[in-house]
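Following: one structure in structure tokens, then a few remarks.
All chains are named by letter (A, B, ...) in the order of the sequence lines, taking the proteins before the strands, and each is independently numbered beginning at 1. Since the model is a prediction, treat every value here as computed from it, not as a measurement.
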2 protein chains.
Amino acid sequence: MSEQETWRELRDRRMAEPGAAEAYEAARIAYELGKAVRAMREGRGWSQNDLAREAGMTQSAVARFEAGGTIPTLPVLERLARALDADLEVRLTPRAPAA
Amino acid sequence: MSEQETWRELRDRRMAEPGAAEAYEAARIAYELGKAVRAMREGRGWSQNDLAREAGMTQSAVARFEAGGTIPTLPVLERLARALDADLEVRLTPRAPAA
DNA sequence: CCAACTCATAGCATCGATGCTATGAGTGGC
DNA sequence: GCCACTCATAGCATCGATGCTATGAGTTGG
């Protein structure tokens, strides 16, 4: 079945790390971002190569990111956002009211 | 005036890099996040040390981050968010309509 | 004046993300 | 069957963020 597992496993293992709820969250966010970018890219009918060119990176980097293989850094997210005509938003929203 | 300049200068230089609008944006976001965290921390009457303890890092790391001395990674932001009872939100919002 | 506390930096080690090239597998067209 | 295209990985080099300890300066309280 083509066995394309490594990054997926990497990600899964990360999301399963017990004592690290924060790490889990970061990995989850990375995964969501990867899916979002893939959706936007496909929405434009772009190949990973096209997006890579626009974002100033290589196809392998895009694949790695979309697969959730790593937790992306803000500069990379910015470049992808620009390439996709999107805005990168990063916020800390208080869970409890300012009370 | 006490001359506490290095990180500030580092940040300023980063935000001035010409060909790198993305880098500028990332630096700007880092700066905003630093200010936001500082505000939340002070709102609780916590010292950098208190926050550091809660977030599992050292006072110097908190100072560096609040000063915008580095572009934070998602795991660090998550830990800070948790320590401050906040949620970390990272999103790519399309600038142009789906058109 | 001294002690304690808070924050800004320095300097260094280490880990992890990114950048690269190359390759394998799957698909579609000719 | 062959070629071209797309995507998933491997493997490696490098850069940069984080983690640490230690220190200096400024403040406040005694």
Side-chain angles (χ1 to χ4, degrees), chain A residues 1-14 17 20 22-23 26-27 29-31 33-35 37-39 41-42 44-80 83 90, chain B residues 1-14 17 20 22-23 26-27 29-31 33-35 37-39 41-42 44-80 83 90:
Chain A
M1 68 276 291
S2 86
E3 287 304 9
Q4 34 181 12
E5 301 295 59
T6 322
W7 291 344
R8 189 191 202 84
E9 289 176 349
L10 204 185
R11 166 169 68 72
D12 289 348
R13 217 171 315 129
R14 258 209 275 249
E17 267 165 35
E22 326 77 19
I29 290 176
Y31 177 59
L33 287 170
K35 278 202 307 185
V37 165
R38 170 163 298 189
R41 174 175 66 78
E42 295 181 333
R44 302 195 162 212
W46 284 5
S47 68
Q48 290 182 339
N49 226 312
D50 295 331
L51 174 57
R53 184 178 355 272
E54 290 298 318
M57 47 206 278
T58 56
Q59 176 263 325
S60 67
V62 172
R64 195 194 290 160
F65 165 71
E66 286 189 356
T70 61
I71 296 174
T73 55
L74 297 189
V76 167
L77 289 175
E78 248 308 301
R79 281 191 284 164
L80 287 170
V90 183
Chain B
M1 66 272 295
S2 88
E3 287 304 9
Q4 36 181 6
E5 303 294 59
T6 321
W7 290 345
R8 190 191 202 85
E9 288 176 348
L10 204 185
R11 166 169 69 71
D12 288 348
R13 217 171 316 129
R14 259 211 274 251
E17 266 166 36
E22 325 78 17
I29 290 176
Y31 177 59
L33 287 170
K35 278 202 307 185
V37 165
R38 170 164 297 189
R41 174 175 67 77
E42 293 182 334
R44 302 193 162 213
W46 284 4
S47 68
Q48 290 183 337
N49 226 312
D50 294 330
L51 174 56
R53 185 181 351 273
E54 290 298 317
M57 45 206 278
T58 56
Q59 176 262 326
S60 67
V62 172
R64 195 195 291 161
F65 165 71
E66 286 188 354
T70 61
I71 295 173
T73 56
L74 296 188
V76 167
L77 289 175
E78 248 306 305
R79 282 192 283 163
L80 287 170
V90 184

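In this entry the distance linking CG of A:Leu51 with P of C:dG19 reads 12 Å, nearest Å. Note: CG (B:Leu80) to C1' (D:dT18) measures 12 Å, nearest angstrom. A straight line from CD of A:Glu42 to C1' of D:dT6 spans 11 Å, rounded to a whole angstrom. Atoms CD1 (A:Ile71) and P (D:dT18) sit 12 Å apart, rounded to a whole Å. Atoms CZ (B:Arg8) and C1' (C:dA10) sit 18 Å apart, rounded to a whole Å. Straight-line distance from the CD atom of B:Gln48 to the C1' atom of D:dT23: 15 Å, rounded to whole Å. Rounded to an integer number of Å, the gap from B:Asn49 CG to C:dA8 C1' is 13 Å. One can place CG of A:Leu74 at 14 Å from C1' of C:dT18, the figure rounded to the nearest angstrom.
Listed in residue order, the members of residues 59-68 of chain B having a heavy atom less than 4.0 Å from DNA chain D are B:Ser60, B:Ala61, B:Arg64.
In this structure, the side chain to side chain contact (heavy atoms under 4.5 Å, CB included) partners of A:Arg41, at least two apart in sequence or on a different chain, are A:Arg38, A:Trp46, A:Gln48, A:Leu51, A:Glu66.
Counting only heavy atoms from C-beta outward, the side chains of B:Val62 and B:Gln59 never approach each other to under 4.5 Å.
Take the nearest nucleotide of DNA chain C for B:Asp50 and for A:Gly56: the residue whose nucleotide is more 5' is B:Asp50. Across the interface with DNA chain D, nearest-nucleotide mapping of B:Thr58 and B:Gly69 shows B:Gly69 to be the residue nearer the 5′ end.
At D:dT6, none of the side-chain N or O atoms of A:Arg41 fall inside 4.0 Å of OP1 or OP2 (strictly under the cut-off). Dashed line: the shortest gap from a side-chain N or O of A:Thr70 to OP1 or OP2 of C:dT18 is under 4.0 Å. Applying the 4.0 Å criterion to OP1 and OP2 of D:dA8, one finds that A:Arg38 has a side-chain N or O inside that range. When the side-chain nitrogen and oxygen atoms of A:Arg79 are compared with OP1 and OP2 of C:dG19, one or more of them lie within a distance under 4.0 Å.
When distances run from any side-chain atom of A:Ser47 to the nucleotides D:dT18, C:dA17, D:dC7, the shortest one goes to D:dC7.
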Assess whether side chain to side chain contact (heavy atoms under 4.5 Å, CB included) is satisfied between B:Arg79 and B:Val76, documenting all intermediate values.
CA-CA 5 Å; B:Arg79 282 192 283 163; B:Val76 167; 3.7 Å; yes
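When every heavy atom of B:Ala26 is checked against every heavy atom of B:Ile71, the shortest pair comes out as CB-CD1, 4.0 Å. When all heavy atoms of B:Pro72 and A:Leu74 are compared, the closest pair comes out as O-CG, 3.9 Å.
Expressed to the nearest 0.5 Å, how far CG of A:Leu77 lies from CZ of A:Phe65 amounts to 5.5 Å. A distance of 11.0 Å separates CG in A:Asp50 from CZ in A:Arg44, rounded to the nearest 0.5 Å.
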